[in-house]
2 protein chains.
Amino acid sequence: MENLTSGELEVMSVLWKHGSMKPAEIQKYFPRPIKNAALRSILLILLEKGHVRREKVGKAFYYTSKTPPQNEFLSRIRRLAKTFFQGSPSNLVAQIIRNEKLSEQDISELKKIVEEKARKLSKGDK
Amino acid sequence: MENLTSGELEVMSVLWKHGSMKPAEIQKYFPRPIKNAALRSILLILLEKGHVRREKVGKAFYYTSKTPPQNEFLSRIRRLAKTFFQGSPSNLVAQIIRNEKLSEQDISELKKIVEEKARKLSKGDK
DNA sequence: CCCAATGTGTGGAAGATTCCACACATACAT
DNA sequence: ATGTATGTGTGGAATCTTCCACACATTGGG
């Protein structure tokens with residue numbers, strides 16, 4: 001189960017967002033124009049790689065993601081952390097906070113998240 | 001000035017970390033074994049794309065990054081935010097904090113960063 | 001001056017990824 | 001039952017990315 005290419009990621013993110021669908025439906029939600037046959041090629045690769053399963057309903061196959069987005073997301077974040085911050089996720093986060101535009105609400109939510117993380121750490125770790 | 005392929009990013013990150021170098025030197029710091037000629041091919045592409053400049057010193061070209069790592073880093077983060085969090089960088093950050101292991105020191109630094117961001121926002125924005 | 005070491009330029013091979021035309025299959029409304 | 005809509009399977013083509021062999025150029029020490 002290697003890494004997703006960019007086309008594969010596009011497909012997966014449609015499935016993550018909209019659930020099981022057949023190719024023609026995925027095509028509609030696809031982030032850019034793509035031919036049905038091209039899309040199906042990618043689906044077959046995802047099937048081989050084990051990232052999706054499919055099930056026949058009527059005459060069409062419905063494809064479903066087998067893995068949650070978190071895994072892929074975190075693995076990409078870790079790679080970025082390694083490339084840009086010697087592997088430190090907290091430096092990565094700090095850089096984002098400093099440079100991205102955040103609303104007051106964003107900020108107060110982040111405070112809460114950090115507090116909560118601190119609590120978990122001081123208790124049983126985990 | 002499109003996006004960096006993974007090989008191109010490997011080269012850029014060596015230049016970001018170690019500054020101007022000639023191919024043979026970059027090769028030494030490269031994250032994996034690579035033939036000199038293969039490396040130089042990538043350097044030429046980076047040159048065309050405008051990500052590096054080069055300057056002859058003696059008989060060798062010294063290559064220098066023209067763009068700071070921040071740009072590339074943030075653009076990748078924004079792409080991930082779009083793919084995984086409907087574009088919200090703060091949700092992206094929250095997810096990382098919840099899932100990655102952080103030390104107490106990491107956490108108190110993050111608190112500081114968030115506080116500072118809050119101050120900047122309440123003042124003149126920016 | 002000459003040679004060994006170090007670099008460069010070039011052209012194309014190899015591999016990975018994405019794309020798609022076309023032939024055939026199947027559901028189902030008429 | 002038959003025609004039309006909709007799907008699938010297949011085999012390559014096209015493109016992108018990475019790799020590298022080889023011929024030639026330049027430097028500097030002996």
Side-chain angles (χ1 to χ4, degrees), chain A residues 1-15 18-65 67 72 75-76 79-80 83, chain B residues 1-15 18-65 67 72 75-76 79-80 83:
Chain A
M1 240 196 258
E2 320 83 74
N3 269 284
L4 299 174
T5 67
S6 82
E8 290 163 8
L9 180 59
E10 289 176 304
V11 172
M12 290 303 288
S13 67
V14 172
L15 293 180
H18 299 99
S20 282
M21 288 191 294
K22 57 184 174 178
E25 290 167 346
I26 296 174
Q27 205 182 346
K28 285 185 195 134
Y29 290 112
F30 212 68
R32 63 189 164 83
I34 187 174
K35 292 279 163 55
N36 184 278
L39 173 57
R40 284 185 294 116
S41 297
I42 297 179
L43 280 167
L44 288 184
I45 291 167
L46 285 171
L47 196 57
E48 277 175 16
K49 290 193 181 178
H51 294 289
V52 302
R53 57 187 166 75
R54 69 182 195 176
E55 188 186 0
K56 199 139 199 170
V57 176
K59 71 179 160 180
F61 283 112
Y62 280 69
Y63 290 81
T64 309
S65 147
T67 59
E72 182 63 23
S75 110
R76 283 173 189 256
R79 197 174 326 140
L80 286 186
T83 301
Chain B
M1 244 198 259
E2 320 87 70
N3 270 288
L4 300 175
T5 66
S6 80
E8 289 164 9
L9 179 59
E10 288 176 304
V11 172
M12 291 303 286
S13 65
V14 172
L15 292 179
H18 299 100
S20 284
M21 287 190 295
K22 59 185 174 178
E25 291 166 346
I26 296 175
Q27 207 180 344
K28 285 185 196 138
Y29 289 112
F30 212 66
R32 62 188 164 85
I34 188 174
K35 292 277 163 57
N36 184 277
L39 174 57
R40 284 185 293 117
S41 296
I42 298 179
L43 280 167
L44 288 184
I45 292 168
L46 286 170
L47 195 59
E48 277 175 15
K49 289 193 180 176
H51 295 289
V52 302
R53 58 188 165 72
R54 68 181 196 176
E55 188 186 0
K56 201 140 201 169
V57 177
K59 71 179 160 180
F61 283 113
Y62 281 71
Y63 290 81
T64 309
S65 149
T67 58
E72 182 61 25
S75 111
R76 283 172 189 255
R79 197 174 327 139
L80 286 186
T83 301

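These figures come from a predicted structure and were not determined experimentally. We name chains A, B, ... by the order of the sequence lines, and we start the count at 1 in each one.
Under the 4.5 Å side-chain criterion, counting only non-hydrogen atoms from C-beta, Val52(B) is not in contact with Thr67(B). Considering only heavy atoms from C-beta on, Pro23(B) comes within 4.5 Å of Asn36(B) through its side chain. No side-chain heavy atom of Glu10(A) sits less than 4.5 Å from a side-chain heavy atom of Thr83(B).
One interatomic measurement links the two molecules: NZ of Lys56(B) to C1' of dT8(C), which rounds to 7 Å at whole-angstrom precision. Across the protein-nucleic acid pair, Glu8(A) atom CD and dC19(C) atom C1' stand 14 Å apart, rounded to whole Å. Atom CD1 in Ile34(B) sits roughly 9 Å away from atom P in dT18(D) (whole-Å rounding). Nucleotide dT18(D) holds its C1' atom 10 Å from the CZ atom of Phe30(B), rounded to whole Å. One can place CD of Glu48(B) at 12 Å from P of dT10(C), the figure rounded to the nearest angstrom. Spacing between atom NE2 of His51(A) and atom P of dT17(C) amounts to 11 Å, rounded to whole angstrom units. As a whole-Å value, the separation of Leu4(A) CG from dT18(C) C1' is 15 Å. Rounded to whole Å, the distance from CE on Met21(B) to C1' on dG7(C) is 16 Å.
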Test Val57(A) against Lys22(A) for side-chain contact (heavy atoms from CB on, under 4.5 Å), laying out the working first.
CA-CA 9 Å; Val57(A) 176; Lys22(A) 57 184 174 178; over 6 Å; no
I'd like to know whether His51(A) forms a side-chain contact (heavy atoms from CB on, under 4.5 Å) with Met12(A), so could you lay out the CA-CA distance, the side-chain angles of the two residues, the decisive distance to 0.1 Å, and finally the verdict.
CA-CA 8 Å; His51(A) 294 289; Met12(A) 290 303 288; 4.1 Å; yes
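For Glu55(B) (side chain) and Phe61(B) (main-chain N/O), no donor-acceptor pair under 3.5 Å exists by modelled atom type.
Contact annotation: Lys59(B) side-chain N/O to dA25(D) OP1/OP2 distance is not under 4.0 Å. The shortest distance between the side-chain N/O atoms of Arg54(B) and the OP1/OP2 oxygens of dG7(C) is not below 4.0 Å. Note on Thr5(B): a side-chain N or O is less than 4.0 Å away from OP1 or OP2 of dT18(D).
Backbone-only engagement by Lys35(B) is indicated by non-hydrogen atom pairs under 4.0 Å involving sugar-phosphate atoms exclusively.
Side-chain proximity of Phe61(A) to dT8(D), dC19(D), dT18(C): nearest is dT8(D).
dG12(C): Watson-Crick or G-U partner is dC19(D), with both key distances under 3.5 Å.
Of all the heavy atoms in Met21(B) and Val14(B), the pair that sits closest is CE-CG1, 3.4 Å. Looking at every heavy atom in both residues, Leu15(A) comes nearest to Thr64(A) through CD1-C, 4.4 Å.
Heavy atoms of other residues, nucleotides or ligands lying less than 6.0 angstrom from NZ of Lys56(B) number more than 12.
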Nucleotides 28-30 of chain C: which of its N/O atoms have a protein N/O under 3.5 Å away?
none

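Just one of Arg79(A), Glu8(A), Lys49(A), Arg76(A) meets the side chain to side chain donor-acceptor pair (under 3.5 Å) condition when paired with Asn3(A); it is Arg79(A).
Base orientation of dA5(D): syn, since the glycosidic angle falls within 90° of 0.
Within residues 36-47 of chain A, the residues approached by DNA chain C to less than 4.0 Å at the level of any non-hydrogen atom are Ala37(A), Ala38(A), Ser41(A), Ile45(A), in residue-number order.
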